[in-house]
Amino acid sequence: MTPTYIPFNKPYLSGNETRYIDEAVRSGKISGDGMFTMRCHQFFEQELGFKKVLLTTSCTDALEMAALLIDIQPGDEVIMPAYTFVSTPNAFVLRGATIVFADSYALSPNLDPAQLEALITPRTKAIVPVHYAGIACDMDPIMDLARRYNLFVIEDAAQAIDSYYKGRKLGSIGHLAAFSFHETKNIISGEGGMLAINDLQFAERAEVLREKGTNRSSFFRGEVDKYSWVDYGSSFLPSDIIAAFLWAQLENIEDIQRQRRHIWQRYYEALRPLQEIGVGLPLIPDYATNNAHMFHLVCRSLAERTALIERLKAENVHPVFHYLSLHTSPFYAPKHDGRVLPHSDHYSDCLVRLPFYYELTDANQDFINQLLLEFYQQ
Ligand SMILES: *Cc1c(COP(=O)(O)O)cnc(C)c1O
């Protein structure tokens with residue numbers, strides 16, 4: 001008998017996605033900033049308390065907007081972890097920035113703030129902490145450094161919806177933050193993202209950049225009597241069809257999060273014994289919450305991880321690994337300053353992400369846990 005196929009991810013439909021898309025289509029307006037986009041904006045601003053948000057077509061776009069808003073110029077330096085997705089540096093590289101890659105903690109993939117001060121030069125313009133797995137970076141020392149050296153902080157909150165640092169929402173702490181609604185995240189719209197604007201000096205220009213450099217948003221609010229080309233810009237806004245899908249997810253955020261936390265907790269309880277033999281489990285510091293974005297293990301070696309993935313795949317279970325340290329990537333290695341970043345490399349070699357999606361059943365999860373425990377008993 002072929003064992004049940006257990007993929008790494010499976011996009012979850014909470015119920016009303018196609019109904020709202022149909023509504024958007026029948027409303028006669030499916031370009032950007034329609035009714036569903038407004039509902040999503042209101043949800044984030046009024047229910048969740050963000051100062052100002054703008055939906056974008058991806059987190060990548062939101063990061064690109066952030067790089068434009070803080071006016072990155074060729075030669076500016078931006079500090080970020082080497083263990084992250086390519087979009088984090090790309091947004092700044094597109095504007096000519098030099099990326100200064102920092103290492104992770106030994107015990108968690110997040111950026112270790114203790115090494116940051118030594119990386120700051122007169123050319124440093126921004127720090128981009130990435131809340132890996134939705135678990136907060138230690139933001140107080142990062143914001144402190146930013147104040148002392150007059151730097152911007154842009155949170156890569158792609159994985160960090162519904163998560164907190166000392167009671168403050170992730171994505172509300174830095175000057176700007178970028179969220180993702182890619183189908184692998186907790187709340188999805190296929191592709192999709194959002195810029196959170198916490199420093200309101202950027203609010204007006206963000207609207208202009210997102211609307212091809214025009215003041216069309218002010219025009220629609222009746223603040224100006226015609227709309228003109230007022231700045232450079234691009235098209236960063238999603239169709240209202242995307243927002244309709246997203247709205248159905250946001251309406252069900254509590255249910256989605258409850259189920260994800262249930263799955264996370266079951267992995268944690270079953271796999272905790274592996275810590276005794278030196279396998280790493282997710283670490284949640286006192287200052288952070290868990291938004292159950294992912295569950296990962298940190299194997300003791302690359303060979304062990306390869307064997308573990310092969311073992312699971314033989315049973316039709318499909319874990320994945322990710323993030324080849326960006327300072328050693330074909331594109332950036334020749335531009336990197338040569339510092340060795342051992343913790344980042346360690347996660348590249350040893351971190352494995354287990355199947356994680358709303359519809360993962362307890363029985364399938366028990367099967368995965370049993371395979372893992374058996375693998376480590378051998
Ligand atoms: C998913 C992800 C992104 C990119 O998000 P998109 O919406 O696909 O552009 C960026 N950074 C991190 C850390 C991510 O996990």
Side-chain angles (χ1 to χ4, degrees), residues 8-9 11 40 44 53-68 78-94 99 101-102 104-105 108-111 126-137 139 142 153-163 165 170-171 173-174 176-196 210 234-239 242-243 245-246 249-250 260 282 288 290-296 320-327 329 331-332 344 347-348 351-353 356-357:
F8 167 66
N9 180 57
C40 294
F44 282 103
V53 300
L54 291 170
L55 293 192
T56 56
T57 53
S58 63
C59 176
T60 304
D61 265 3
L63 289 164
E64 287 180 26
M65 283 183 70
L68 286 165
V78 180
I79 302 172
M80 65 180 64
Y83 190 74
T84 184
F85 188 57
V86 289
S87 292
T88 324
N90 251 333
F92 301 90
V93 167
L94 274 171
I99 308 299
F101 285 114
S104 304
Y105 289 107
S108 118
N110 273 344
L111 182 76
I127 304 172
V128 188
V130 179
H131 304 300
Y132 185 79
I135 299 167
C137 293
M139 291 303 289
I142 296 172
V153 174
I154 295 166
E155 297 174 72
D156 182 335
Q159 307 175 4
I161 198 160
D162 191 34
S163 204
Y165 171 75
L170 298 188
I173 302 168
L176 297 160
F179 287 90
S180 175
F181 306 119
H182 183 264
E183 73 166 29
T184 51
K185 310 300 201 245
N186 294 34
I187 297 294
I188 64 174
S189 61
E191 303 281 351
M194 183 174 80
L195 180 71
R210 180 167 164 273
S234 187
S235 186
F236 292 115
L237 72 175
S239 149
I242 300 288
F245 191 112
L246 183 64
Q249 296 262 314
L250 291 174
R260 293 187 74 99
N290 173 24
N291 74 345
H293 170 59
M294 80 165 80
F295 198 92
H296 65 263
V320 298
F321 61 85
H322 69 169
Y323 299 161
L324 300 174
S325 283
L326 295 177
H327 67 297
S329 61
F331 178 65
Y332 217 82
S344 175
Y347 294 113
S348 294
L351 187 142
V352 59
R353 305 167 67 188
F356 205 112
Y357 48 91

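In this text the structure is predicted, and so the values were computed from the model without any measurement. Atoms within a ligand are numbered from 1 in the order they appear, just like the ligands themselves.
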Can I get a per-line list of side-chain donor-acceptor pairs under 3.5 Å for residues 127-135, giving both atom names and the distance, sequence neighbours left out?
unit_1 : atom_1 : unit_2 : atom_2 : d
H131   : ND1    : C137   : N      : 3.1
H131   : NE2    : E155   : OE1    : 2.7
Y132   : OH     : H322   : NE2    : 2.7

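- I154 has its side chain within reach of L63: a pair of non-hydrogen atoms, C-beta onward, lies under 4.5 Å apart.
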Polar pairs, ligand 1 vs protein, N/O only, below 3.5 Å.
unit_1   : atom_1 : unit_2 : atom_2 : d
ligand 1 : 5 (O)  : S180   : OG     : 3.3
ligand 1 : 7 (O)  : C59    : N      : 2.9
ligand 1 : 7 (O)  : S180   : OG     : 2.7
ligand 1 : 9 (O)  : C59    : N      : 3.3
ligand 1 : 9 (O)  : T60    : N      : 2.8
ligand 1 : 9 (O)  : T60    : OG1    : 2.5
ligand 1 : 11 (N) : D156   : OD1    : 3.4
ligand 1 : 11 (N) : D156   : OD2    : 2.8
ligand 1 : 15 (O) : Q159   : NE2    : 2.8
ligand 1 : 15 (O) : K185   : NZ     : 3.1
ligand 1 : 15 (O) : Y323   : OH     : 3.4

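- A ring-centre distance under 6.0 Å is found for Y323 and Y83.
- Applying the salt bridge (Lys or Arg N to Asp or Glu O under 4.0 Å) criterion to R260, with sequence neighbours excluded, gives no partner residue.
- With sequence neighbours left out, S104 forms a side chain to side chain donor-acceptor pair (under 3.5 Å) with no residue at all.
- Across M294, K185, E183, H182, a single residue satisfies side chain to side chain contact (heavy atoms under 4.5 Å, CB included) together with N9, and that is E183.
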